[in-house]
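Proteins come first, then strands; the chains are lettered A, B, ... in the order of their sequence lines, and each starts at number 1. Since the structure is predicted, the reported quantities are computational estimates derived from the model, not experimental observations.
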Amino acid sequence: MKVSLFATCLANQFYADACADTVRLLRHLGVEVDVPKAQTCCGQPAYNAGRRAEACDMARHTATVFSDSGYIVLPSGSCVGMMRSHYPDLLSEDETVPDLVGRTFELSQFLVRVMGVTKLGKGLEGQQIAYHHSCHALRELGVRDEPLALLRGCGAEVVPWEADEECCGFGGLFSAKLPETSAAMADRKLDTLPEVDVLTSTDGGCLMQMSGRASRRSVGPPFKHLASLLWEGVGT
Amino acid sequence: MSARDRILGRVREALAERKQEAHPGPFGGWRSEGEDTPAVDRFIQLFEAAGGEVVRFDDDAVAAAWVRDFVSKYDAVSMGRLARWPTAVGAESPELVLKSADPADSDVGVSLAYGAVAETGSLIMTPQDGRRAQLLPPVHVVWVEEKMIFPMLYQALSTLGKDLPSAVGLHSGPSKSADIGQILVKGVHGPGRLIAVLLADKKNST
Amino acid sequence: MSGGSTPGQYRNEAARTIREEPQVRDSVTKATLTFDAHRVEAFAQIDSERWRDWARDVKTHLLTHLDKYLEEAEAQLIANGAKVHWAETAEDALEILAGIVREHGIKSAVKAKSMLSEELRVNPHLEKLGVDVRETDLGEYILQLLGEPPSHIVGPAIHKSLEDCRELFHERLGTPVNAEPDELAAAAREALRKDFLAADLGISGGNFMAADTGTIALIENEGNIRLSTSLPRVHVAFVGIEKLVPTLTDVAGFVQLTSRAATGQPVGNYVSLIQGPKKADEPDGPEEVHVVLVDNGRTKLLADDEAWEALRCVRCGACLNICPVYRQTGGHAYGWTYSGPIGAIIAPGILGLEESMPLPHASSLCGACADVCPVRIPIPDLLVHWREKAVTAGLAPKSETLGLKAYSALAQRPKLFNTAGAIMRRAPLELGGRALPILSGWVLERAAPEPSAKSFMQMWEEGIV
C-alpha cells in the first residue's frame, strides 16, 4: 500500500515530530510513504477569512501536488475537513477533485477505516488520557470513535471529560483576532479537565491553543499529538 | 405605491431567480419508536409530568359533585359560561352562586375545555368560556371529555381550523418559569394549579 | 442598540465581560448547558432528523412563495376582523404604533416578550409617547427593572444569578434579603397583576403566523402572553414577514419542534393561537387586534442567494445554547438584539454589513450550531459567506488582507514557502508579532508556541525520517 503524506503547514513547523511519527507508524504497518516536496498549505486560513480567491489558488496548488497520489494521509482533521468539504466547490471545474478528496484521510481515520487496524501495541498501558475532539475531525469528518479505539487498543484508558467535544477556541486566525474570547474557551476546556497523564488530539492547532493557554496559566497535563502518542503506543 | 406594495415588490424581486420548492406534506409527529399508549393515558402522563393534576370519572354526576366539593373550600369562584354544563354544578348550587366572583377576585376558576391533545399533554381552551376565568384565578379546574382527546396536535388544529374563535389557548400545565437563576417556580402569572377533570367516553367505557 | 453597545465593540465588550464579570460567564454557561441537555433529551424522544427535514422544507417552500402567503395571511386576518399594517422599516413600525396609541388614547401597556419589539426599540418609543409600558415576562421584567436589554433569545436574564435577583427584588419590591425563588416569583406576580388588569394595550410578537387561517401563534410558559393578549382592549402584534407558515396544521409541527429545541418541552406551557378580536359570543378578549407585518431588512436577506436560508430561523435559541463563543460572554457583548450564531448571520441584512462587523468573525467555525439547528440553517457556511462579502466590500483589516495575500503567494511557491517558514522559526512569535501583526493577539493570552527543532520537510529532506 502506498500513501502520500501531507504534513500540513502548522504541523510541519510546530509538530514536526508528529509528522515523522506518522511516517514511522505507517511504515511499521507495512505502508510505503512518500512526501511530495511541493506541498505547502491546504488554504483553510484564507478560506475561513473569506478570501475565496486566495483559497482557490492554494487549493489548486495542493490538488496539483497530490494529483498523482493514491491515498493521502494528514496528521490533521481540520485540513482534511477543508479539502473534503470545500475543494469540490472551490475547484468545481476540476473533475478529478472529488476523487482526490475521497482518497484523503486524517491519520486515525485512515488506520481504522481503510487499514482496519485498531490494535497497534501495548505501549500506552496504564496511561490515563484525555482526548480532545477537534471540531473539524468530529463534525466535518465524523471522526469520533477511531482515535478512541486506537488509544484503547494500545492499552490506554480514555478518561471521561465533560467538555471533550467543545471547541477549544483555536479556529485559526480567530485565536489571534479575538484572543480574549478564544482564551476563555481554552479555559473552559482546561478547567473541566480531569487529572490525566496526557491530553491528545488529532489537530496541532488545538494542541497549540490549549498548551499555550495552559502554559501561561501554569496548569495542565503534558500535551501530545495523537500521531506521536500512537507511535508510542506501538511500544517498540 | 404603499408600503405593502413596496414590500411585496421587494419580495417578488428577491424571488425572481430563485427555484421554487414544494411543500413537503403534512406534519406527522414521527417518533423514534412506535407509540402504542392510548391517547388518554398519554395525555395524563405528559400533563402530570408538567405539574398538572388529573381526576377521572365515569359518571358526570359524580364528577360534578367532586367539583362542587372542591370549589366549596374556596371563598370566591369564577365559573366559565360553558362550565355550567352538565348543569349539575352551576344553577343548582346556591352556595356557589353566592361565592361567584369576577375572575380577578376569584380563588378558583372552572372551565370547560374544547378538548385535549395527548401528544403534548395540552388542554384546548376556547374563549366562549371566558378567557379571564381561565387565566386569572390561581387555581383552575377544567372539565375535559375523554372522547375529545386528540392523539396528535395537528389533528386537533385541523378540526378547530374549520370554525376558529378569536383565540385558542393550549394549556399544558400550571404556569411556570425558570427565569430566576434557572430554578423552576410555578404560578408566575397564570394559575399555579391546573386540574383536569376527565369525563369518560361513555360509548367506550365498560 | 443593546445596552449602549454596538457589534463593532464586540471584542472590547467580550474582553471586559470576561475580565470584570466572571459571574456572567458562569451563569450563562450553566443556563446554556441546561437548555442544551433538555433539548438533547427531547430530540431523543422523536425522529428528530425527520422533524428537522420537514421543518426546513416547509420554511423553504414558504420563503420561495412568500409573496403569495403574505397576501393570503393578510386577507384571512382582515376576514377575522383584525387590522393589518405593513412596516418597511423600524421607524415605520413605530409610527404605526404611535398612530394606534393616539387613536385609542393609550396610557398603559403590557408587553409579552418579543425579540422583534426589541429590534424595533418599541419601549423607548412608547415612553416618549407618554405610555407606561411594563414587561411581563419574568426575565424581561427583571431586566426592565435593571435597565438592561435581553441577553438570550429564550431566557433573557440567564446572565443574572439567583443572588442578583434577590438583591434586585429586595430593593425594588421589598422581598426579604434571602427570599426563595417562589417568593420572588410571587412578588412579581402580585406587582404585575395590577398592570395586566389596568393596561389599555397589549403588545406581542409572533412566533409563527398561519396564512390559511390568519393565526398568530405565541409560545410561553408563564401565562403573561395569554394575559397580555386577552385583557387589554387593544392588542398589537409585531410579526416579521419571515414568520409565516402555510397552514395551521403546519403550526402544530413548528410549535412542538421549537419548544423541544428551545427548552426540551413537548410544547411550551401556553400556546396562544390568535385569529383576531373578540367575537360577539365571547365574554372577553381584545376589541381590536392590529398585526404589523415588518420588513426591516428581511427582504434584503431574502434577496441574498445564500443568506436567505437564515430566514428559516424559528428563534429557538438552540444555536446560542451550544455555541462555545456565546457561552463565554452571553449576549450583551454582541451589541445587538440577536446574538450568538443567528445574530451574526442576520445582522448584515437587518443592520447592514459594515455595522455588523465583526460579528461574522466572532466564531471559530466549530460547526456545533449547524448540528442543532431545528431548521438546518447552514450557519458556518453563512458566516464564511458574510466574511467573503466583507472582503469584497473592503471591510477586511488591512493587515489581514496583506498577510493572507502574501501567505497565499508563498504557498504557491514551495521553495519560498519553506524559506519563509525557516525565517519565521528563528523569529518566535513575540518578535514575529511585529512582522505578522495579525498573530500578535496570540501572545496576549497564551505562551507563544515553540517551533519544532527542524521542520518536518527539512527532516524529510535530510533523510532523518
Side-chain angles (χ1 to χ4, degrees), chain B residues 2-4 6-8 10-15 18-24 26-27 29-32 46 50 81 104 119-122 127-128 130-132 135 152-154 157-158 161 164-173 175-183 185-190, chain C residues 30-31 34 46-47 50 54 57-58 60-61 64-67 70 86 88 92 138-139 155 157 161-162 165 181-182 184-185 189 197 213 221-224 226-227 230 246 248-253 256 266-267 269-279 281-285 295 299 302-303:
Chain B
S2 62
R4 175 190 187 278
R6 283 193 297 272
I7 291 174
L8 287 171
R10 278 199 295 274
V11 170
R12 289 185 188 112
E13 205 184 309
L15 297 176
R18 195 151 299 144
K19 177 167 174 263
Q20 291 199 317
E21 300 288 347
H23 193 291
F27 180 67
W30 311 280
R31 299 257 141 186
S32 18
L46 284 164
R81 283 183 186 172
E119 170 183 42
T120 54
S122 309
Q128 295 91 330
R131 301 194 212 180
R132 295 167 88 250
L135 297 167
M152 312 286 268
L153 179 58
Y154 74 85
L157 295 186
S158 180
L164 284 164
S166 66
V168 174
L170 301 174
H171 294 204
S172 307
S175 154
K176 50 176 69 84
S177 171
D179 278 338
I180 296 177
Q182 291 300 297
I183 299 155
V185 294
K186 286 195 195 154
V188 188
H189 295 302
Chain C
K30 178 175 162 205
T34 304
I46 56 171
D47 184 349
R50 194 160 177 196
W54 175 86
D57 294 344
V58 174
T60 301
H61 166 75
T64 57
H65 296 82
L66 186 59
D67 54 326
L70 281 167
W86 298 72
E88 292 180 87
D92 292 342
L138 186 55
S161 64
L162 173 58
C165 295
D182 46 15
L184 300 175
R189 179 195 168 96
L197 292 169
T213 53
N221 282 315
E222 296 172 24
N224 62 300
R226 293 246 61 216
L227 287 165
S230 297
L248 186 60
T249 45
D250 289 335
V251 167
Q256 290 182 72
V267 77
N269 200 58
Y270 295 99
V271 176
S272 303
L273 301 169
I274 296 169
Q275 281 64 241
K278 72 187 265 304
K279 298 199 160 171
D281 64 338
E282 295 168 14
D284 52 30
D295 180 352
T299 48
L302 187 64

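Within the 4.5 angstrom heavy-atom criterion, atoms from both the backbone and the side chain of Glu222(C) approach chain B. For chain C, the nearby part of Lys19(B) is the backbone; its heavy atoms alone come within less than 4.5 Å. Looking at Leu197(C), only its side chain comes within 4.5 Å of chain B, counting heavy atoms on both sides. Contact of Val185(B) with chain C is made through the side chain alone, with heavy-atom distances under 4.5 Å. Only the side chain of Leu70(C) comes within less than 4.5 Å of a heavy atom of chain B; its backbone N, CA, C and O stay farther away. Looking at Ser230(C), both its backbone and its side chain come within 4.5 Å of chain B, counting heavy atoms on both sides. Residue Pro277(C) touches chain B through its backbone alone, counting heavy-atom pairs closer than 4.5 Å. Both the backbone and the side chain of Gln20(B) come within contact range of chain C, judged by heavy atoms closer than 4.5 Å.
The residue among Gly223(C), Cys165(C), Pro181(C) with the most heavy atom pairs within less than 4.5 Å of chain B is Pro181(C). Across Ala104(B), Ala50(B), Pro26(B), the residue that shares the most heavy-atom pairs under 4.5 angstrom with chain C is Pro26(B). For the set Leu170(B), Leu153(B), Leu8(B), the entry with the most heavy-atom pairs within less than 4.5 Å of chain C is Leu170(B). Of the residues considered (Thr213(C), Asp92(C), Asp281(C)), Asp281(C) shows the highest number of contacts with chain B, using heavy-atom pairs under 4.5 Å. Ranked by heavy-atom pairs shorter than 4.5 Å toward chain B, the options Ser161(C), Ala303(C), Pro283(C) are led by Pro283(C). Annotation: maximal heavy-atom pairing with chain C below 4.5 Å, among Ala22(B), Gly121(B), Ala178(B), Ser158(B), occurs at Ala22(B). Comparing Val251(C), Ile274(C), Leu138(C) by heavy-atom pairs within less than 4.5 Å of chain B, the highest count is held by Leu138(C). Put simply, of Gly130(B), Gly29(B), Ser172(B), Gly187(B), the one with the most heavy-atom pairs under 4.5 Å next to chain C is Ser172(B).
Scanning both residues, Ala167(B) and Arg226(C), for their nearest heavy atoms gives CB-NH2, 4.2 Å. In plain terms, the two heavy atoms of Asp57(C) and Pro24(B) that are nearest each other are CB-CG, 3.6 Å. Contact record, Gly155(C) with Asp179(B): CA-OD1, 4.4 Å, taken as the closest heavy-atom pair. The two atoms that bring Leu15(B) and Leu66(C) nearest to each other are CD1-N, 3.8 Å, heavy atoms only. In this structure, Arg131(B) and Asp284(C) approach most closely via the heavy-atom pair N-OD1, 2.7 Å. The nearest pair of heavy atoms linking Glu21(B) to His65(C) is O-CE1, 3.2 Å.
Inspection of the Glu282(C) and Ser166(B) side chains reveals an N or O donor paired with an N or O acceptor under 3.5 Å.
Expressed to the nearest 0.5 Å, how far CG of Asn269(C) lies from NZ of Lys176(B) amounts to 4.0 Å. Here the CZ atom belonging to Arg6(B) is positioned 4.0 Å from the CD atom belonging to Glu88(C), to the nearest 0.5 angstrom. A distance of 12.0 Å separates OG of Ser177(B) from CG of Asp182(C), quoted to the nearest 0.5 Å.
A 4.5 Å side-chain heavy-atom check between Val58(C) and His23(B) finds at least one atom pair inside the cut-off. Between Leu302(C) and Arg18(B), some side-chain heavy-atom pair lies under the 4.5 Å cut-off. Val271(C) has its side chain out of reach of Ser122(B): every pair of non-hydrogen atoms, C-beta onward, lies at least 4.5 Å apart. Contact of the Leu157(B) side chain with the Leu273(C) side chain is registered, since non-hydrogen atoms from C-beta on lie closer than 4.5 Å.
Between the His189(B) side chain and the Asn224(C) main chain, no donor and acceptor come within less than 3.5 Å of each other. Looking at Asp295(C), its side chain never comes within 3.5 Å of a backbone N or O of Ile7(B) through a donor-acceptor pair. Counting only distance, with no hydrogens or angles, the side chain of Lys279(C) and the backbone of Leu164(B) share a donor-acceptor pair below 3.5 Å.
Partners of Arg189(C) under the side chain to side chain donor-acceptor pair (under 3.5 Å) rule, at least two apart in sequence or in another chain, do not exist in this structure. In this structure Asp67(C) satisfies the salt bridge (Lys or Arg N to Asp or Glu O under 4.0 Å) test together with Arg12(B), sequence neighbours excluded.
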